[in-house]
Amino acid sequence: MSLPSVEIKNASLEDNKLNESESSQTTPVLAPAHSLTIEQSKIDYDGMKDGIPDFESPTHRSSFSPVGIPAPSAVSADLQVHPGEVLVPAVVDQFQGQALAALQVLKVIEAEALPGDLCTRREYARWLVAASNALSRNVVSKVYPAMYVENVTELAFDDIIPEDPDFSSIQGLAEAGLISSKLSNQELLNYNRGPVYFSPESPLSRQDLVSWKMALEKRQLPEADQEILYQLSGFIDIDKINPDAWPALVADLSTGEPGIIALAFGCTRLFQPNKPVTKAQAAVAIATGEASDLVSEELARIEAESVAENAVSAHNALVAEVEKDVNANFEKELSMEREKIDALEKMAEEAKRELERLRTEREEENMVLMKDRAAISAETEILSRLRREVEEQLESMINDKVEISYEKERISKLRKETEDETQEIVRLQHELEVERKALSMARAWAEDEAKRAREQAKALEEAREQWERRGVKVVVDNDLHEESVAGDTWVNVGKQVAVEGTISRGETLVGKLKTLASEVEGKSREFIDKIVQRIQYLISVLRKWASEAGAKAEELKDGAVLKARGSVQEMQQTTAGFSSAVKEGAKRVAGDCREGVEKLTQRFRT
C-alpha cells in the first residue's frame, strides 16, 4: 500500500533515524543470567535473523496471515541495547495510575513498582501469569506456572534457566504456546541450531505488550493482513510491525470498546512497535478483558478511600483553623495585657524617678498587677475548661435529643397499635354480644318448645288414663310408641296436635336471627347462619310431619267406625312421633346453643 502523504514519509524517516541513533549507542545491554555483552547480543540476534526465513515485504505479502500462532517474543535490535537514562519522564494517565494501584492492591504487581518506570519483559511475563491466576474467573483462560523436572522438561529459552526467579512464569507462557520459543518454533530449530534467547531484562515493546495479552485473552486470533490492519488502526508504520503481531492488533482493535492500544498509547497514527512501554501502560493492558470487572471494583474501593481521606483532611483542616482562631484571639488578648503591663511599668519607673517616697506604694501596685496577670491566666484556663465542658454537654444534649425522638416514634407506634387493638376488642365484644343474644333467643325458643312438648305429653298421658277408664287399653313402651290391643275402639280421640304455633314462632326467631346476622361479619355471621339453618331444618321437619299427620287424620275420620282400632294405634304413634321429634329437636338446639356459648367464651378469653 502506497502512502503518498509527505508528512507520513517525513515521520517515517524521522522514526528510522531515531531507531538508528538508538541502535548506535554503546550503552551496555542489561545482561540476562549468563551476562551477554553488546557484541554477543548483536551476533546472537543476527544469527537468529539468519536462521529465520525472511518475511516478505508487507506490500507484496499475501493477504492471509497465519491465525493462532504464538505472539512474537524475539527482541528487536533496538531493544537489545539499553535505552539509557530517562531524561524526560513519561506522562502517566490517571486511568493508568489507577489500574496500576488496583493491581498492586490485588497482589498482581509489586507495591514498589512506579508507574513511570520502564517495564521489562521479565516483569510483564510474571505479571501476566499472576493476573491470569488471580483475576481470571474462567478456568480455561488461566495460565499456570511451569514446573521443571530434570532430564524431562525442555527449556523454552537458553537464557531462562530453572534458577531464574521468574522461570516458572516465562516457561509457563512458552509451554502454553502464548509466546514464541524453542517449544513452539520447531521449524526455526531445524533451520537454526543456535540458542534462542528471551532477554528478560530488555524493555518490553509495544507489539509484545499487545501480542502477549491478546494471545492470553483470545484462544483463536482473527485472520489479518496489512489492509485490514490499516483500515482498523490507520497506522502509517505497519511495515515496521512484525506480521505475526497483526492478528493480535486486529483482535484488540475489533473489540468495539477502548482496547489496550487506545488506553495505553492514546490517539496515535504511529504505532512504533519497538518503543518501550512503562509499567503503568503494562498495568492497563493487564487490567483489560476478563480482569476489568475485578479491577473496576478495586478502583471503586480506592476512589471511596480517597473520598474518605479527603473528608478527613477537610475536617482536620477545619479543626486546625478553629484552633488557629482561638490561639490568635488568645494571643491578641495576651498582647493587650502585656502592653498594659509595660505601660504601667514605665509609669512606675517614671514615678520612681520622680517620687522616691512613693516607691513602696508603686511596688505594691506592681505586685497587684502581677496577681491580676496570674488571675487572668487562671481565668483563661478556666474558660478553656468550661468550653470543653460546654462542648461535651452539647454533644450529650444532641445524643439525648436523638434518643428522645426515637422514643417518641416508638411510643407513637405503640399508641397506634394499642388503638388498633382496642378497636379490634370493641368489635369482637360487639360480635360476641350479638352471638350471645342470638344464642339466648335460640335457647329460649328451644326451651319453650320443649316445655310445650312436655305439656302435650302430659295431656296425652291424661287422655290415655281416660281411655283406660272407659275400657280402651293403651300400651306405651320405653320409646313412647303406643300400641292398642284387639277390641279397642276410637273414643274421645278428636284432639289434634297443633304445630302451627311452633312453626310460626320458629319463623319469627329465624327473622330475628337474620337481622342480627346482618349487623356482624366474619365468623359471627357464619355461626348465626348455622343456627338459622338448624332451626329452618327443624321447621321443615315439623311442616312435613304436620302435613302427614293431617292426611292421616282425614283418613282416620273417614274410616273411624270400620278402622277404629287401627286409627287409634296410628294416632298414638303419630302423637308419640311428634313428641319425640319435638324433644329431639329441642335437645339438639339446646346442645348447639351450649356449644356455641362455650366456643364464644373460649374465643373471647383468647
Side-chain angles (χ1 to χ4, degrees), residues 92 94-95 97-98 100-102 104-107 110-116 296-416:
V92 179
Q94 181 182 3
F95 181 76
Q98 291 177 351
L100 179 64
Q104 286 176 336
V105 174
L106 295 173
K107 307 298 183 182
E110 296 79 9
E112 62 273 8
L114 299 178
S296 299
E297 294 175 1
E298 190 61 29
L299 288 177
R301 189 185 67 80
I302 293 173
E303 185 177 357
E305 290 180 355
S306 177
V307 171
E309 290 177 358
N310 292 335
V312 172
S313 300
H315 176 71
N316 294 334
L318 180 61
V319 172
E321 185 177 357
V322 172
E323 291 179 353
K324 183 178 179 181
D325 293 341
V326 172
N327 294 331
N329 293 331
F330 178 75
E331 291 294 337
K332 185 177 180 181
E333 293 177 359
L334 185 61
S335 62
M336 291 175 62
E337 293 297 328
R338 287 176 179 175
E339 290 176 357
K340 291 180 181 179
I341 292 172
D342 293 338
L344 291 175
E345 288 179 352
K346 290 179 180 179
M347 292 173 62
E349 290 177 359
E350 292 176 358
K352 184 179 180 180
R353 288 193 301 266
E354 294 177 358
L355 303 173
E356 186 65 28
R357 62 183 182 83
L358 298 178
R359 183 179 59 182
T360 306
E361 183 179 352
R362 293 292 182 265
E363 288 178 356
E364 293 177 357
E365 291 179 357
N366 193 15
M367 292 297 295
V368 171
L369 290 175
M370 295 298 292
K371 291 180 180 180
D372 291 340
R373 182 178 178 183
I376 290 172
S377 61
E379 290 177 357
T380 304
E381 294 179 357
I382 292 173
L383 287 174
S384 62
R385 181 173 56 81
L386 290 175
R387 180 183 177 183
R388 289 193 297 270
E389 293 178 356
V390 168
E391 290 177 351
E392 293 176 356
Q393 292 178 359
L394 179 61
E395 184 177 359
S396 177
M397 289 175 64
I398 292 174
N399 295 333
D400 294 340
K401 185 177 180 180
V402 172
E403 292 178 358
I404 290 171
S405 63
Y406 173 74
E407 291 295 330
K408 284 183 178 179
E409 292 178 358
R410 191 172 64 84
I411 290 172
S412 62
K413 185 177 180 181
L414 292 175
R415 183 181 297 170
K416 184 177 179 181

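Because the structure is a prediction, the values reported are computed rather than measured.
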Look at E392 together with R388 and state whether they make a salt bridge at an N to O cut-off of under 4.0 Å. no
Can you tell whether the side chains of E409 and K413 come within less than 4.0 Å, N to carboxylate O? no
Nearest-0.5 Å distance that lies between atom CD in E363 and atom CG in L358: 11.5 Å
Between R410 and E407, does at least one N-O distance fall below 4.0 Å, as a salt bridge requires? yes
For L344 and L369, the nearest pair of non-hydrogen atoms, with its separation, is CD1-CD1, 2.9 Å
Does R373 CZ have over 12 foreign heavy atoms under 6.0 Å away? no
Quick check for you: to the nearest 0.5 Å, what is the distance between I382 atom CD1 and S377 atom OG? 9.5 Å
Given 3.5 Å as the limit, does a donor-acceptor pair link the side chain of N316 with the main chain of V312, or not? yes
Spacing of CZ belonging to R338 relative to CG belonging to D342, to within rounding of 0.5 Å: 9.0 Å
Do NZ/NE/NH1/NH2 and the carboxylate oxygens of E356 and R359 come within less than 4.0 Å? yes
Rounded to the nearest 0.5 Å, what's the gap from CG on N366 to CD on E345? Could you check? 6.0 Å
What are the two closest non-hydrogen atoms of Q104 and E110, and how far apart are they? NE2-O, 3.1 Å
Basic-acidic side-chain contact under 4.0 Å: E321, K324: no
In this structure, which one of I398, L394, D400 forms a side chain to side chain contact (heavy atoms under 4.5 Å, CB included) with S396? D400
Verdict with supporting geometry, E391 and R387, salt bridge (charged side-chain N to carboxylate O under 4.0 Å, His left out): CA-CA 6 Å; E391 290 177 351; R387 180 183 177 183; 3.5 Å; yes
Member of K371, E337, E333 meeting the side chain to side chain contact (heavy atoms under 4.5 Å, CB included) criterion with I376: E337
Does E389 reach the side chain of L386, with side-chain heavy atoms less than 4.5 Å apart? yes
From CA spacing to verdict: side chain to side chain contact (heavy atoms under 4.5 Å, CB included), R353, E349: CA-CA 6 Å; R353 288 193 301 266; E349 290 177 359; 4.1 Å; yes
Starting at CZ of F330, measure out to CG of L383 and round the result to the nearest 0.5 Å. 10.0 Å
From I341 CD1 over to S335 OG, what is the distance, rounded to the nearest 0.5 angstrom? 11.0 Å
